[in-house]
Trainee: 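Supplied in structure tokens, the structure appears directly below.
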Amino acid sequence: MTEYPLFSEEKSVEAVNARMGDAVSPRMRAVMATVVRHLHEVVKECDLSREEWAAAIQFLTDTGQMCSDWRQEFILLSDVLGVSMLVEAINHRRPQGATENTVLGPFHVEGAPEYPNGTDIRLDGKGDPMRVQGRVADVEGHPLPGALLDVWQTNDAGYYDVQQPECQPKWNFRGRFRADADGRYAFVTARPRYYPIPDDGPVGKLLAQLGRHPNRAAHIHFIVTSPGFDPVITHIFDPDCPYLTEDAVFGVKDSLVARIEPAVDQQGWAVEWDFALIPASTLQPGPVAPSS
Ligand code: BEZ
Ligand code: FE
């Protein structure tokens with residue numbers, strides 16, 4: 001029988017981590033040892049009371065109970081704590097000049113209609129029209145004909161079609177567009193507006209307790225793909241949004257803030273926006289596994 005160290009306040013981390021079996025994979029061993037070490041550090045550093053720990057467990061229980069087929073409260077928690085953006089950052093270290101990625105969010109729907117370039121995706125006809133156009137290319141500027149742009153955003157009231165299936169047309173503010181022979185694409189949408197992330201659950205309560213609002217800076221979502229290239233999940237942000245520097249999920253990056261100008265025909269707005277993709281093989285290496 002192995003003799004394990006007995007538990008004490010001072011040796012709590014060692015006592016727990018020593019119990020891992022010999023067959024545990026090196027990665028699992030390293031990650032779990034780190035999780036246990038940091039978790040114990042939190043309890044010690046905050047000198048947590050039993051009531052506080054019970055409240056934390058209740059919060060996690062409520063978070064789990066809020067989850068359903070269409071609501072993922074744990075992802076929302078990860079988003080508002082900046083963890084989703086951190087995981088994106090360390091897994092997508094792109095070279096200079098490549099379009100930066102940001103959070104996917106919970107409202108992407110596979111299979112949006114594919115439209116000819118120039119189509120207006122305001123199926124309800126509401127909102128200030130905004131023409132978005134540009135090029136998809138590699139970082140050297142060579143066009144990527146046939147690249148697919150999957151686009152989605154909220155309606156003019158700040159809700160995705162899937163949040164209001166009874167009052168928005170299906171596929172409202174969603175569409176897929178293919179870059180032409182010069183890599184060019186174009187579509188018409190509404191100028192985006194800020195909107196709150198779902199805040200009627202435990203994560204919303206947590207934000208309120210932290211004195212934080214639930215608003216996402218106004219944005220349009222894109223997934224841009226081209227065979228042999230690393231797909232980019234990204235947004236463009238409205239530079240005039242009052243929440244630009246306080247996005248609830250930390251998704252804003254300088255390089256993703258667009259320039260929105262009055263359209264030349266004075267009918268609404270216009271944005272010129274290019275995407276630069278990198279070959280799938282050139283993603284920078286991921287993080288080094290922590291040692292136990
Ligand atoms: C969104 O932009 O759709 C989104 C992202 C993270 C959490 C909630 C919504
Ligand atoms: Fe969004």
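Atoms within a ligand are numbered from 1 in the order they appear, just like the ligands themselves. Residue numbers count from 1 along this sequence.
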Trainee: Does R50 come within less than 4.0 Å of E52, counting only side-chain N to carboxylate O?
Mentor: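 Judged by the 4.0 Å cut-off on N to carboxylate O distance, R50 and E52 do not form a salt bridge.
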Trainee: Could you tell me whether D120 and R122 make a salt bridge, using a distance below 4.0 angstrom between a side-chain N and a carboxylate O?
Mentor: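 Yes, this pair counts.
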Trainee: Each residue besides L60 in its hydrophobic cluster should be listed here, by chain and number; the cluster joins Ile, Leu, Val, Met, Phe, Trp and Tyr at side-chain heavy-atom distances under 4.5 Å.
Mentor: F59, F74, L76, L77, V80, L81, V83, M85, V87, V103, I197, V203, L206, L207, L210, V249, F250
Trainee: Describe, in one word, how the ring planes of Y243 and Y194 are oriented to each other, choosing from parallel (under 30°), tilted (30 to 60°) and perpendicular (over 60°).
Mentor: perpendicular
Trainee: For ligand 1, which atoms sit closer than 4.0 Å to a heavy atom of H219?
Mentor: 2 (O)
Trainee: Output all residues satisfying salt bridge (charged side-chain N to carboxylate O under 4.0 Å, His left out) with D200, sequence neighbours left out; order by chain, then residue number.
Mentor: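 With sequence neighbours excluded, D200 shows a salt bridge (charged side-chain N to carboxylate O under 4.0 Å, His left out) to R71, given in chain and number order.
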Trainee: With only distance considered, is Y160 within less than 3.5 Å of ligand 1 through an N or O on each side?
Mentor: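 By distance alone, the answer is yes.
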Trainee: Could you list which atoms of ligand 1 come closer than 4.0 Å to a heavy atom of G105?
Mentor: 4 (C), 5 (C), 6 (C)
Trainee: Which bit of L76 gets closer than 4.0 Å to ligand 1, counting heavy atoms only: side chain, backbone, both or neither?
Mentor: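 It is the side chain that touches ligand 1; the backbone stays farther off.
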Trainee: Would you mind running through ligand 1 and noting each atom that sits below 4.0 Å from a heavy atom of F107?
Mentor: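 Answer for ligand 1: 3 (O), 9 (C).
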Trainee: Picking from H92, K253, H235, what satisfies side-chain contact (heavy atoms from CB on, under 4.5 Å) with E100?
Mentor: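 Only match with E100 under side-chain contact (heavy atoms from CB on, under 4.5 Å): K253.
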Trainee: Report, as a single number, the protein N, O or S atoms less than 2.8 Å from the Fe ion (ligand 2).
Mentor: 4
Trainee: By number and element, which atoms of ligand 1 are closer than 4.0 Å to a non-hydrogen atom of H221?
Mentor: 1 (C), 2 (O), 3 (O)
Trainee: Would you please determine whether W152 falls within less than 4.0 Å of ligand 1 on a heavy-atom basis?
Mentor: no
Trainee: Considering only non-hydrogen protein atoms, determine which one is nearest to atom 3 (O) of ligand 1 and report residue, atom name and distance to 0.1 Å.
Mentor: Y195 OH, 2.8 Å
Trainee: What atoms of ligand 1 come closer than 4.0 angstrom to any heavy atom of I197?
Mentor: 7 (C), 8 (C), 9 (C)
Trainee: May I ask you to decide if R135's main-chain N or O and D274's side chain share a donor-acceptor pair within less than 3.5 Å?
Mentor: yes
Trainee: Among all protein non-hydrogen atoms, which one is nearest to atom 9 (C) of ligand 1, and what is the separation to 0.1 Å?
Mentor: P106 CD, 3.3 Å
Trainee: Using the test salt bridge (charged side-chain N to carboxylate O under 4.0 Å, His left out), find all partners of R191 that sit at least two apart in sequence or belong to another chain.
Mentor: D238, D240
Trainee: Does the structure place the NZ or CZ of R178 under 6.0 Å from the centre of the six-membered ring of Y185, at an angle of no more than 45° from the ring's axis?
Mentor: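 Judged by the rule, R178 and Y185 form no cation-pi pair.
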Trainee: Relative to each other, are the rings of H219 and H221 parallel, tilted or perpendicular (30° and 60° limits)?
Mentor: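 Rings of H219 and H221: perpendicular, over 60°.
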Trainee: Do any N/O atoms on D79 end up under 3.5 angstrom from N/O atoms on ligand 1?
Mentor: no
Trainee: For the pair R94 and E88, find out whether any cationic side-chain nitrogen is under 4.0 Å from an anionic carboxylate oxygen.
Mentor: no
